[in-house]
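Let me begin by presenting the structure, written as C-alpha cells, before commenting on it.
Positions are given from 1, in the same order as the sequence printed here.
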Amino acid sequence: MNFKEKLASGKFLLTSEVGPPKGVEIRSLLEESELIRNRVDAINVTDLQNSVMRLGSLAVSSILKHHGFEPIYQLTCRDRNRLALQSDLLSAAVLGIENVLILTGDHTTAGDHPEAKPVFDLDSVQLLQAADRLGQGFDIKGNRLSGKPPNFCLGAVVNPGADPLEPQIIKMEKKIAAGAQFFQTQAVYDIKIFENFLKKTRHLKTKIMAGIVLLKSAGMAEYMNQNVAGVSVPEELIKKMSEAEDKVKQSVKIASGIIKELKPMCEGIHIMPIGWGRFVPEVLDASGL
C-alpha cells in the first residue's frame, strides 16, 4: 500500500523528514534515508526550511522516489506565485509524487537571505484549494487540464500548543474543507496540552500525526520555549537534558517516552530530527515501533 492507501486503511502511520543540503551533495541525505527504509511510511522533504536557501524539495522528493522511498513533498507559499505553485504541483505529479504537505512557510527575514522578497500570493488554505482543484482536472481559474488529472494526497500542519487555540481549529476546518486529508503537528512535549487539543478537535474526524522534535540540549529546549510559538517544553525535560552526560541517549529516551504516551491518542507520529536523522532508528526501537 502507498501512503494514501495506508491513511485510508486506518493504519498507525510513521513519518520522518529530511532537510535538503545547502549544495548538491546528497550522499549523507540518502544514507540517513536508508537507515529508516521500511521503518517509516513516508519521508517528508522540507522546502527551504527556516527560509535558508537550499536544494529544492521537489528535486529531492524525486530522487527519493527514484531510490524506492515514498516522499511527502513539502510546498510553501513563501517563494512562488500562483502560477509557479500550480506548475510545481503538476511537475510533482508527473514525477510520480502524490503526497504533498502544504505550508505557509517562514518569512524570508528569518533566513540567510533576509533581503529576499516574500511572495505569499496564496495562503495555505488557498494553496490546498488549488491543489484539490488540480486533482479535479482544473486550475484555480477554472481552465481544464489536459489528460488525466493528478491524484494528490494532501496534508497540512497545525500547532496544538497555540494560545489561543481557537484560530488554529478554525483554520483546520478550512483546510479540511479545502482538501487536507491529514495533519502533521508542531512539536509536542506536553501531553496535557496535546490532549486538550485533541478534545477540542474531535469533531473534525481527520487524521492527526503528532510531531516529535529531538531535543539536542537544554539550551535548544529553552530557545524553543522563548522563540517558537506554541511549543512548550516542560522544565522537567529541560532539567533532564541539562544533567545528562549522554545528550543523545537522553534525547532518545525523552522522545520515545513521549511517543509511547501519544500513540494511543492519534493516528500517527511525525519525527523531525533536525540534523539528527542518524538517531531516528534508535528512537523507533526505543518506542517499540
Side-chain angles (χ1 to χ4, degrees), residues 15-20 44-54 57 72 74 76-79 101-114 118 120 123-124 155-172 175 183-198 200-201 208-242 244 247-248 250-252 254-255 257-259 261-262 266 269-277 279-280 283:
T15 56
S16 186
E17 73 178 27
V18 294
N44 282 45
V45 182
T46 57
D47 183 15
L48 305 190
Q49 65 270 36
N50 302 317
S51 292
V52 173
M53 192 287 294
R54 302 171 186 267
S57 56
I72 296 178
Q74 292 193 4
T76 68
C77 302
R78 175 190 56 234
D79 306 309
L101 188 79
I102 303 294
L103 308 94
T104 300
D106 299 316
H107 199 277
T108 54
T109 54
D112 64 348
H113 289 61
F120 297 114
D123 64 24
S124 55
V157 296
V158 64
N159 190 339
D163 185 19
L165 183 59
E166 285 67 27
Q168 286 287 310
I169 298 173
I170 292 171
K171 201 161 188 180
M172 279 185 77
K175 288 178 177 180
F183 287 84
Q184 292 177 332
T185 80
Q186 176 61 282
V188 177
Y189 295 101
D190 191 314
I191 303 300
K192 289 184 179 179
I193 288 176
F194 191 70
E195 286 178 326
N196 178 62
F197 164 74
L198 291 180
K200 292 186 176 181
T201 57
I208 297 173
M209 303 181 69
I212 300 293
V213 171
L214 303 186
L215 289 175
K216 296 181 179 180
S217 65
M220 174 185 174
E222 291 169 348
Y223 176 85
M224 288 196 293
N225 277 348
Q226 295 170 12
N227 297 283
V228 183
V231 172
S232 177
V233 185
E235 287 299 321
E236 176 189 359
L237 299 185
I238 296 176
K239 183 179 179 181
K240 286 181 179 180
M241 287 303 299
S242 178
K247 304 297 185 188
V248 172
Q250 184 62 261
S251 179
V252 169
I254 289 172
I258 295 172
I259 289 172
E261 290 192 73
L262 292 175
C266 54
I269 295 292
H270 174 55
I271 300 175
M272 295 169 274
I274 311 180
W276 271 15
F279 301 122
V280 172
V283 174

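Side chain of T109 to main chain of P114: no donor-acceptor pair is present (N/O by atom type, distance under 3.5 Å, no hydrogens or angles). Formation of a donor-acceptor pair under 3.5 Å by the Y189 side chain with backbone atoms of I258 is not found in this model. Using modelled atom types, one side-chain atom of S57 and one backbone atom of Q74 make a donor-acceptor pair closer than 3.5 Å. When atom types are taken as modelled, the side chain of N159 and the backbone of Q186 share no donor-acceptor pair closer than 3.5 angstrom.
Sorted by first and then second residue, the salt bridge (charged side-chain N to carboxylate O under 4.0 Å, His left out) pairs with a member in residues 101-114 read K22-D112; sequence neighbours excluded.
Residues passing the side chain to side chain contact (heavy atoms under 4.5 Å, CB included) test with V157 are L101, L103, K175, sequence neighbours excluded. Judged as a side-chain hydrogen bond (donor to acceptor under 3.5 Å, both in side chains), and not counting sequence neighbours, S232 has no contacts.
I72 CD1 to H270 NE2: the interatomic distance, rounded to the nearest 0.5 Å, is 7.5 Å. With values rounded to the nearest 0.5 angstrom, I274 atom CD1 is found 6.5 Å from K216 atom NZ. The CD1 atom of I259 sits 5.5 Å away from the CD1 atom of I269 when rounded to the nearest 0.5 Å. The CD1 atom of I193 sits 11.0 Å away from atom CD of E195, with the distance rounded to the nearest 0.5 Å. Taken from CE in M53 to CG in N50, the straight-line distance is 14.0 Å, to the nearest 0.5 Å. Note that the CG atom of L214 and the CD atom of Q250 stand 12.5 Å from one another [nearest 0.5 Å].
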### Query
Should T185 and I208 be marked as a side-chain contact (heavy atoms from CB on, under 4.5 Å) after you check the CA-CA gap, both sets of side-chain angles, and the distance that decides it?
CA-CA 7 Å; T185 80; I208 297 173; 3.7 Å; yes
### Message
Is there a side-chain contact (heavy atoms from CB on, under 4.5 Å) between K192 and N196? Walk through the geometry before answering.
### Response
CA-CA 6 Å; K192 289 184 179 179; N196 178 62; over 6 Å; no
### Task
Could you walk me through whether M241 and I238 pass side-chain contact (heavy atoms from CB on, under 4.5 Å), step by step?
CA-CA 5 Å; M241 287 303 299; I238 296 176; 5.9 Å; no
### Message
Assess the residue pair N44 and Q184 against the criterion (side-chain contact (heavy atoms from CB on, under 4.5 Å)); give the C-alpha distance rounded to whole Å, side-chain angles, the decisive distance to 0.1 Å, and a yes or no.
### Response
CA-CA 10 Å; N44 282 45; Q184 292 177 332; 2.7 Å; yes
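Counting only heavy atoms from C-beta outward, the side chains of V45 and V18 approach each other to under 4.5 Å. Using a 4.5 Å heavy-atom threshold, the side chains of P273 and E17 count as touching.
In this pair, F194 and F197 present their aromatic rings tilted. The plane angle is within the 30 to 60° band.
Under a 4.0 Å N-O distance rule, the pair E235/K239 does not qualify as a salt bridge.
In terms of heavy-atom proximity, R78 sits nearest to H107 at CD-C, 4.5 Å. Of all heavy-atom pairs spanning I169 and T201, the tightest one is CG1-CG2, 3.8 Å. Residues S16 and V280 approach most closely at OG-CG2, 3.9 Å, considering heavy atoms. Shortest non-hydrogen contact noted between P118 and T108 is CD-OG1, 3.7 Å. For the pair Q49 and P20, the tightest heavy-atom approach, listed with the atom from each and the gap, is OE1-CD, 4.0 Å. Across every non-hydrogen atom of L262 and A210, the tightest pair is CD1-CB, 3.7 Å.
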